[in-house]
Each structure stands twice: as structure tokens, then as C-alpha cells.
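A quick write-up on the structure given underneath.
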Amino acid sequence: MDGPRGQPLTGDDVSEARDGRGQLIVVATPIGNLGDLSPRAEECLASADVVLCEDTRHTRGLLSSRGVRAAGRLVALHQHNEASQSDDVVARVLGGQRVALVSDAGTPGISDPGSRLVAAVASAGGVVSTVPGPSAVIAALSISGLDTERFVMDGFFPRRDGERLARLDEWARERRTIVFYESPQRIAETMKVVSERFPTRRAALARELTKVFEEVRRGTTSELASVLADTTTLGEVVVVLEGADERRVEPESLEREIRALLDSGKSVRDVAGELSRDLGLSHREVYRLALELRSTTE
Ligand code: SAM
């Protein structure tokens, strides 16, 4: 969007252009280092009529660290009341108020509340604007050393066995770099599960980003799983996992896929056709392996 005379808009131009109109502003906040709160974010939080936050105590602390007064403007918005708060927020925005939305850390809506509210305001014809900034997914990906050209953000790794298996099945064919969040309590177990399925894929574990003990460990999933088995992981962590590479499909993973398709009643020919196409493998090789596996199960 350009300003007057085709020049890019400055911060002042943006408020001028939208003067008099209410808006919902999605504001990114630090994922650890308070110095990462941008001047625009600070200005926006200081001037908003209302600041919607996941945890009012947390946001009050952030604002007071920058000398910004909360002054009764903080309203809780979390996953349990996002739907019920939407009507009120829509009315405020359409009524001309500037409503800022923050989460406890990073960018609202990214594995945090916010997306339903944005959809509600947008579909009511309200203006939704952004003050972009930190997000753990982008921070981790950008220093992972893995391919950043195409990637998929897969939220938190599922906790239920069935959902985990389904997720791993998806990743068996996923060519793009995969990024996901995990808690420090579960990361060792999760890395073990991932490494059993994709032992030779490369990965990066990004921990405590922007904080004093920031650390990135890089290696194959098997190497990382064995390091984690011997250590206690403290602090928040993001996993960046290499995508599937047709030149290096994991043998265990391929066998498992062939067996699953044979068990579902598909013929050796169909299995070979489907998997060689999906994974970019030689039809003859997959056919041979499927025949071998079928004969061992008969
Ligand atoms: N909305 C946030 C964002 O944009 O990054 C993510 C919120 S999600 C509820 C919290 C997860 O983000 C954590 O469990 C962890 O996986 C990741 N995370 C947040 N801060 C982090 C940090 N400083 N270092 C590593 N991972 C972090």
C-alpha cells in the first residue's frame, strides 16, 4: 500500500489513513527478550482504547517494564472466551475504537488465541491491521540451517497415539521443512517417536530463543533423540524437521507405508503405482519390495 505521491506509508501515514475508523490491531510481543518489543508495538499498546490479552497480569508486567500505563484498558481474551468476546470486540471496532490484541508471547493467532476474533471482525466489515514482530516459528526456522524456501507450520505435536501416527504418516510424504512446537516435558519422548520413524532426517531443536540460555542443537533425529534421553530440557522449544527427500526415503517408513496399503486391501501393482508417484521412487523398486512384503505376510 502506498502513501501520498506513491511513497511507502510511514507509521504516521497509517494512523492518518485510518483516522476516525476503529480497528483491531494484532500486535506481536517478545518471545523472551523484552528488547524485541518494537517502537510501533509500544506506541500502539500505549494508545489503544482496549488491549485484549491472554493473561492480564503478564501484559501488565510487559507494559510497566516499558513505562506504559495499563490504566483499566486490559481485557482478558483466551481460548475459553474468544467466541463470547467476539461480539463485544466487533461492536467496539465498528464503533470507532482501536482495539489491540496481544498474546503472552509472540504473534497472536499462531498457536495462540486470535484467529477467530480476526475472522469475526473482518467478516463484520471491520478493519484488521498488524504490528508484526517476534514469532518462535519464524525465529527457529531462520536459524535452523534447514531449507527455508518452503515450510509448513504444524502447531503442537499431538498427544494422542492415533493422532501422532497420523501426523507421522503425513510427514512421511511432506517435502517441505516442518516446524512444530513442543513442551519441555514432552520433547524427549516426542523426539524418540519422531526418530523411530525418520531416523536419518536432519532436525534442529531451538530452545529459549532470545533468552540468556538460547541454544540450537542440530543433527539427525536419532542423534538429537539420544542427546535428549540423557538430559533434562528446560525452557521452551521449537523443532524444525527436514522434509521427505525422494533420494533418501527412510526404509522403515517406506515399509510401513507399503504394509498399511497392502493391509487396506490394495494390490501390489496399485501400491507400487501410488507410492512411486507420491514419493518420487522407482516403480520397479517399490513393486519388488511390496511383493516381498506381501509374500512374508502370507
Ligand atoms: N504465538 C507464539 C509465537 O508466535 O511464537 C507461540 C505460542 S505457543 C502457545 C508457545 C510455544 O511457542 C512454546 O511451547 C514453544 O514451543 C514456542 N516458543 C515460544 N517462545 C519460545 C522461545 N523463546 N524459544 C523457543 N520456543 C518458544
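Heads up: numbering here begins at 1 and tracks the sequence. Both backbone and side-chain heavy atoms feed into the values below; hydrogens, waters and symmetry mates do not. Every number for a ligand or one of its atoms is a count from 1 in the order of the listing.
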message: Does this structure show an ion pair linking Glu285 with Arg288, if we count only N-O contacts that are shorter than 4.0 Å?
response: yes

message: Could you identify the single nearest non-hydrogen protein atom to atom 26 (N) of ligand 1 and state the distance to 0.1 Å?
response: Val238 CG2, 3.3 Å

query: Does the pair Glu215/Arg207 count as a salt bridge with the N-to-O cut at 4.0 Å?
result: yes

- prompt: Hey, does Ala206 sit under 4.0 Å from ligand 1 if you only count heavy atoms?
  reply: yes

- prompt: Is Leu209 close to ligand 1, meaning an N/O of one under 3.5 Å from an N/O of the other?
  reply: yes

field: Carboxylate-amine/guanidinium proximity below 4.0 Å for Arg159 and Glu163
entry: no

task: Tell me which protein heavy atom sits closest to atom 19 (C) of ligand 1, plus the residue, atom name and distance to 0.1 Å.
output: Glu236 OE1, 3.6 Å

- request: Please determine if Ile31 has a nitrogen or oxygen closer than 3.5 Å to a nitrogen or oxygen of ligand 1.
  value: yes

task: Check each heavy atom of Asp104 against ligand 1 and say whether those closer than 4.0 Å belong to the side chain, the backbone, both or neither.
output: neither

- prompt: Is Ser183 in contact with ligand 1, taking contact as a heavy-atom separation below 4.0 Å?
  reply: no

query: Which atoms of ligand 1 have any heavy atom of Thr107 under 4.0 Å away?
result: 1 (N), 3 (C), 4 (O)

message: Counting non-hydrogen protein atoms only, what is the nearest one to atom 7 (C) of ligand 1? Give residue, atom name and distance.
response: Asp112 OD2, 3.3 Å

Side chain Glu54, main chain Asp104, donor-acceptor under 3.5 Å: yes

- prompt: Tell me: protein heavy atom nearest atom 9 (C) of ligand 1, and distance?
  reply: Ser111 O, 3.1 Å

field: Shortest protein heavy-atom distance from atom 10 (C) of ligand 1, along with the residue and atom involved
entry: Phe156 CZ, 4.0 Å

field: Val193 and its side-chain contact (heavy atoms from CB on, under 4.5 Å) partner, picked from Met191, Glu189, Arg197
entry: Glu189

message: Could you report the tightest heavy-atom contact between Gly125 and Arg21, atom names first, then the distance?
response: O-NH2, 4.2 Å

message: I want to know if ligand 1 touches Val237 in the polar sense, i.e. an N/O pair below 3.5 angstrom.
response: yes

Salt bridge flag under 4.0 Å for residues Glu236 and Lys211: yes

task: Please state whether the rings of Trp171 and Phe157 are parallel, tilted or perpendicular, taking 30° and 60° as the class boundaries.
output: tilted

message: Leu45 vs Thr59, test: side-chain contact (heavy atoms from CB on, under 4.5 Å). Steps then yes/no.
response: CA-CA 10 Å; Leu45 296 176; Thr59 302; 5.7 Å; no

message: What I want to find out is whether Arg167 reaches Asp154 closely enough, with some N-O distance under 4.0 Å, to be called a salt bridge.
response: yes

field: Any N/O pair Arg207/ligand 1 closer than 3.5 Å
entry: no

query: For atom 5 (O) of ligand 1, which of Ala136, Gly235, Ala28, Gly106 has the closest heavy atom?
result: Ala136

query: Which atoms of ligand 1 sit under 4.0 Å from any heavy atom of Lys211?
result: 23 (N)

statement: re atom 4 (O) of ligand 1, the protein heavy-atom contact at minimum distance is Ser135 OG, 2.7 Å

field: Side chain Ser144, main chain Leu141, donor-acceptor under 3.5 Å
entry: yes

- request: Please answer whether the main-chain N or O of Arg116 pairs with a side-chain N or O of Glu82 as donor and acceptor at a distance below 3.5 Å.
  value: yes

field: Whether Thr210 lies under 4.0 Å from ligand 1, heavy atom
entry: no

- prompt: Side chain or backbone of Ala105 under 4.0 Å from ligand 1, or both, or neither, by non-hydrogen atoms?
  reply: backbone

- request: Go through ligand 1 atom by atom and flag the ones less than 4.0 Å from a non-hydrogen atom of Ile110.
  value: 1 (N), 2 (C), 4 (O), 6 (C), 7 (C)

